[in-house]
Amino acid sequence: MSVSIRSGFESIPSYRAGKPAQLGPDGLSAKLSSNENPYDPLPSVLDALAAALPASVNRYPSIAAPELTAALAARLDVAPENIAFGAGSVEVASQLIHALAGAGDEVMYAWRSFEAYPILVQLAGATPVQVPLTADGAHDLPAMADAITERTKLIFVCNPNNPTGTTVSQADVEAFMQRVPGNVLVVLDEAYVHFNVDADSAVGLDFFKCYPNVAVLHTFSKAYGLAGLRVGYAVAQPEVADALRKAAVPFALSALAQAGGVASLAAEDELQERIDVLVAERERVTTALRAAGLPILESQANFVWIPAGAASDAITEVFAERGVSVRCFSGDGIRISIGARHENDAVIEVSPAAAALL
Ligand SMILES: *Cc1c(COP(=O)(O)O)cnc(C)c1O
């Protein structure tokens with residue numbers, strides 16, 4: 001006799017982490033496959049982590065995360081009761097699914113979107129409902145509204161969308177919300193919100209303040225560069241936030257993660273300068289790749305998307321040989337994170353050879 005893993009488990013995909021880069025001919029090794037922040041942590045954040053370290057090892061962290069909760073509530077102008085944390089917002093997404101959807105329930109999202117959604121939905125035993133993006137890589141919100149059934153419990157709207165970088169407009173989300181029943185929770189996943197400079201874009205917190213069935217997901221992993229510390233949160237109605245706390249893995253938000261979050265909120269001006277540079281680099285890369293003949297979508301995140309279709313694997317290989325690891329979605333496209341300037345230079349340098357494969 002051997003143990004048996006739950007039936008259907010083998011058909012759930014595993015999460016694929018971005019690959020590290022191989023060494024390029026000039027020694028370059030640029031990991032542009034995970035949308036990480038290329039900057040070293042700020043000195044003030046490292047100081048806060050060093051100060052928190054001795055007391056964070058043998059003791060459990062506070063589950064309530066009172067300092068980070070207070071700092072965020074003040075920053076976002078919401079009540080502390082509205083905030084629920086996880087070890088990264090991917091854990092919060094998992095909490096949301098577990099708290100709202102079980103066997104027989106449907107969780108909807110656009111496709112292609114964040115790779116974790118189908119995995120988390122299936123792990124929770126719920127049914128994923130994927131609504132194709134439009135031809136230009138954007139959410140098709142009218143089609144998503146059409147796909148709502150009485151079994152729909154939760155809808156993820158990833159804005160900007162990972163991996164296409166597209167946004168949903170304020171007007172389109174408003175029209176969408178008019179069609180979503182009040183018992184269905186709409187989650188605006190704003191992992192890349194700090195890089196979004198589109199004035200027409202929907203703003204999650206504005207919708208949260210108007211609609212009780214809206215929640216917002218934020219993370220410190222991307223713009224704030226704390227991916228390794230694992231800290232993300234939801235802003236939701238108190239009943240929903242309570243349910244998320246119940247669904248949370250106890251003590252998953254470490255004391256170091258909490259300290260890193262507080263220190264980052266105190267250093268927002270410095271972090272904004274880095275975000276501004278990354279946004280400018282995104283525009284530089286977009287312009288150069290288009291000039292090389294790659295059909296780059298307009299991105300509002302810290303990555304660009306090449307809808308390379310059948311050429312995706314071959315183009316990925318061209319970047320790999322240059323020492324640049326990109327994220328390949330075989331048969332569909334390639335996502336390239338915006339890195340440090342010299343890394344982006346290498347991406348631009350390779351782009352004519354990549355375009356020749358289209
Ligand atoms: C990166 C990402 C997240 C969360 O990352 P964490 O490190 O778990 O906070 C959530 N949603 C999307 C769409 C992402 O791309």
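Both ligands and their constituent atoms are indexed starting at 1 by order of listing.
Looking only at protein heavy atoms, the nearest one to atom 11 (N) of ligand 1 is Asp189 OD2, 2.8 Å. For atom 15 (O) of ligand 1, the closest non-hydrogen atom on the protein side is Tyr192 OH, 2.5 Å.
The shortest heavy-atom distance from Ser89 to ligand 1 is under 4.0 Å. Heavy-atom separations between Phe220 and ligand 1 are all 4.0 Å or longer. Under a 4.0 Å heavy-atom criterion, Cys158 is in contact with ligand 1.
Against a heavy-atom cut-off of under 4.0 Å, Ala191 is close to the following atoms of ligand 1: 2 (C), 3 (C), 10 (C), 11 (N), 12 (C), 14 (C).
By heavy-atom distance, the residue among Glu91, Lys222, Glu36, Arg335 lying nearest atom 3 (C) of ligand 1 is Lys222.
In terms of polar-atom proximity, Phe114 is not counted as a contact of ligand 1, lacking any N or O under 3.5 Å from an N or O of the ligand. Not one N or O of Tyr117 is nearer than 3.5 Å to an N or O of ligand 1, by distance alone. The N/O atoms of Asn162, backbone and side chain alike, include one that comes under 3.5 Å of an N/O atom in ligand 1.
A donor-acceptor contact under 3.5 angstrom links the side chains of Asn162 and Arg335, judged on distance only.
Counting heavy atoms under 4.0 Å from ligand 1, residue Arg230 touches it through the side chain alone.
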